[in-house]
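Just below is one structure, and these are the notes that go with it.
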Amino acid sequence: MTLTDLALRFRGQPADVVDRVSLAVKSGEVLCVVGESGCGKSVTAMALMGLLPQQNTVISSGHLTVGHTDLDLTRESLPPSARGNRVAMIFQEPMTSLNPAFRIGNQICETIIRHTGTNSANARAHAKEMLQRVGIANPSQRLREYPHQLSGGMRQRVMIAMALANNPQVLIADEPTTALDVTIQAQILDLIRDLRDETGMSTIMITHDLGVVAEIADRVAVMYAGQVVEQGAVRDVFDNPQHPYTIGLMSAMPGLGLEGKRLAIIPGTVPTISNMPKGCRFRTRCAFATSTCQERPKLRKIAPHHDTACHFAPLEAHIEVSQ
Ligand SMILES: Nc1ncnc2c1ncn2[C@@H]1O[C@H](COP(=O)(O)OP(=O)(O)OP(=O)(O)O)[C@@H](O)[C@H]1O
Ligand code: SF4
Ligand SMILES: [Mg+2]
């Protein structure tokens, strides 16, 4: 899946909430998207799925390629038939996508039958297997229950089982494991890896957890205020972060071997959409900002698998990074 140059704003807002975002994930690859709360990760995912409210959203640029399907997002979106089938999404708010009025089993089986055309006995067996694979005990009993009878963590696992039941080509997972305890989280990550190995599924995973990124990602994209500021192979970005925001983000995370390059805290807060600085959106918080930063820095290659949107990257060449 390739997303190119997505720019969108909500009606009445003075700046784009997603600003020229490009993301690409190859077959069998896991791309993690990280960034502070409110930076536009979920909005980007919802735009990919064609799930933003049309009357409220203005998409001024964006192109999406999934397999052989090419879409100009300014005037078309992923057809409903592709959603949940070729492209599946696990939502940040699990309760919103389970219908409280129907039993868990009916909901999972209904999507399996709709997408594969199998009979209900096969669908039920597959639903049971998927519940087992996401670590739900007594799956036969759970299939007969209603969403309110399950804990929040269990509902999230049901959503994951449902999303993965149809072997999607692309999985978009928005904070899929945040609410789960570490054992279950590890099991879900294993399941995503297994499906990638079995079916070549590509995954775009949104997460706050750099530990999850280190564990599962092939590549990582770092977003700040609606823009991708750094992206690349996970080892390149983690071992050698080159955008001041990424360095700050990672120095808050112990155990990544980045302690030597500490920018102890990132001062200030993320600018609001009505207060977005021109040029580099990070410049109100950046220790390295100069007048050059009033120009928008382009995302450019600084190593074969590593792109950074900072005028001064690679930083070592310009500035001595504070120790
Ligand atoms: N339908 C909407 N109308 C107007 N503004 C919206 C809408 N949906 C989201 N926003 C705003 O867009 C911005 C980006 O939100 P988004 O949910 O993508 O953030 P996020 O990166 O997913 O954050 P988090 O890590 O907290 O989930 C936020 O300022 C949010 O308030
Ligand atoms: S372009 Fe300027 S403000 Fe932006 S991250 Fe680089 S040094 Fe900081
Ligand atoms: Mg979100």
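Whatever order the structure lists them in is the order used to number ligands and atoms, beginning at 1.
Ligand 1 has no nitrogen or oxygen under 3.5 angstrom from a nitrogen or oxygen of E175. No N or O atom of P53 sits closer than 3.5 Å to an N or O atom of ligand 1. Residue G40 has at least one nitrogen or oxygen atom sitting less than 3.5 Å from a nitrogen or oxygen atom of ligand 1, judged on distance alone. When only interatomic distances are considered, the shortest N/O to N/O separation between K41 and ligand 1 falls below 3.5 Å.
For ligand 2 and C310, the ligand atoms under 4.0 Å from any heavy atom of the residue are 1 (S), 5 (S), 6 (Fe), 7 (S). The ligand atoms of ligand 1 that sit less than 4.0 angstrom from a heavy atom of H208 are 25 (O). Taking every non-hydrogen atom of P244 and a distance limit under 4.0 Å, the qualifying atoms of ligand 2 come out as 5 (S). Close contacts between ligand 2 and H311 involve ligand atoms 1 (S), 6 (Fe) [criterion: under 4.0 Å to a heavy atom]. Interface of N56 with ligand 1, defined as ligand atoms under 4.0 Å from a residue heavy atom, comprises 1 (N), 2 (C), 3 (N). Each of the following atoms of ligand 2 lies closer than 4.0 Å to a heavy atom of H243: 5 (S). The ligand atoms of ligand 2 that sit less than 4.0 angstrom from a heavy atom of F312 are 7 (S). Numbered from 1 in the order shown, with element, the atoms of ligand 2 that lie under 4.0 Å from a heavy atom of C293 read 1 (S), 2 (Fe), 3 (S), 7 (S).
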message: Evaluate D72 against T74 for side-chain hydrogen bond (donor to acceptor under 3.5 Å, both in side chains), listing each step before the verdict.
response: CA-CA 6 Å; D72 175 352; T74 62; 2.7 Å; yes

query: Please walk me through it: do D190 and R193 pass side-chain contact (heavy atoms from CB on, under 4.5 Å)?
result: CA-CA 5 Å; D190 279 344; R193 260 193 295 256; 3.0 Å; yes

Stepwise side-chain hydrogen bond (donor to acceptor under 3.5 Å, both in side chains) test for S42 and D174: CA-CA 7 Å; S42 295; D174 194 353; 2.6 Å; yes

Pair L73-L8, side-chain contact (heavy atoms from CB on, under 4.5 Å): steps then yes or no: CA-CA 10 Å; L73 296 178; L8 77 85; over 6 Å; no

task: Please assess R281 against D19 for the test side-chain contact (heavy atoms from CB on, under 4.5 Å), listing each intermediate value before the final yes or no.
output: CA-CA 10 Å; R281 288 186 169 189; D19 188 16; 3.6 Å; yes

- request: Report the C-alpha separation of Q185 and V212 in whole Å, then their side-chain angles, then the decisive distance to 0.1 Å, and conclude whether the side-chain contact (heavy atoms from CB on, under 4.5 Å) test is met.
  value: CA-CA 9 Å; Q185 176 174 309; V212 168; 3.3 Å; yes

- request: Would you please test E36 and Y245 for side-chain hydrogen bond (donor to acceptor under 3.5 Å, both in side chains) and show each step?
  value: CA-CA 10 Å; E36 259 160 306; Y245 175 66; 3.0 Å; yes

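M223 does not count as a contact of ligand 1, since none of its heavy atoms falls under 4.0 Å from the ligand. Within the structure, ligand 1 lacks G35 among the residues with a heavy atom less than 4.0 angstrom away.
Residues L150 and V134 share a hydrophobic cluster, clusters being chains of Ile/Leu/Val/Met/Phe/Trp/Tyr side chains in contact below 4.5 Å. Put simply, V222 and I302 are part of two different groups of oily side chains (I, L, V, M, F, W, Y) that touch within less than 4.5 Å, one to the next.
Only the side chain of V17 comes within 4.0 Å of ligand 1, judged by heavy-atom distances. When heavy-atom distances to ligand 2 are checked against a 4.0 Å cut-off, F288 comes that close through both its backbone and its side chain.
Heavy-atom neighbours of E295 CD from other residues, nucleotides or ligands within 6.0 Å: at or below the threshold of 12. Within 6.0 Å of atom CD in E198, more than 12 heavy atoms from other residues, nucleotides or ligands are found, so the atom counts as buried in its surroundings. Within 6.0 Å of the CZ atom in F102, the count of heavy atoms belonging to other residues, nucleotides or ligands does not exceed 12. Counting non-hydrogen atoms of neighbouring residues, nucleotides and ligands closer than 6.0 angstrom, the CZ atom of R20 reaches no more than 12 such neighbours.
For F288 and F312, the gap between ring centers reaches or exceeds 6.0 Å.
Within the 2.8 Å limit, C286 places at least one N, O or S atom next to atom 8 (Fe) of ligand 2. With a cut-off of 2.8 Å, atom 6 (Fe) of ligand 2 has no N, O or S atom of C280 in range. The Mg ion (ligand 3) has an N, O or S atom of S42 under 2.8 Å away, backbone or side chain.
By the definition of a contact as any protein heavy atom under 4.0 Å away, atom 14 (C) of ligand 1 is in contact. Per-atom contact check: atom 31 (O) of ligand 1 does not touch the protein, criterion being a heavy-atom distance below 4.0 Å.
Annotation: atom 26 (O) of ligand 1 to nearest protein heavy atom, S37 OG, 2.5 Å. For atom 17 (O) of ligand 1, the closest heavy atom belonging to the protein is S42 CB, 3.6 Å. The closest protein non-hydrogen atom to atom 5 (N) of ligand 1 is F10 CD1, 3.2 Å. Scanning the protein heavy atoms around atom 16 (P) of ligand 1, the nearest turns out to be V43 CG2, 3.8 Å. With hydrogens left out, the protein atom closest to atom 27 (O) of ligand 1 is Q92 NE2, 2.9 Å, a heavy atom.
Within the 4.5 Å cutoff, the side chain of V237 has heavy atoms near those of the H306 side chain.
Taking the six-membered ring where tryptophan is involved, the planes of H243 and F282 are tilted, since the angle between them lies from 30° to 60°.
Counting only non-hydrogen atoms, the option in G12, G226, G38 that gets closest to atom 23 (O) of ligand 1 is G38.
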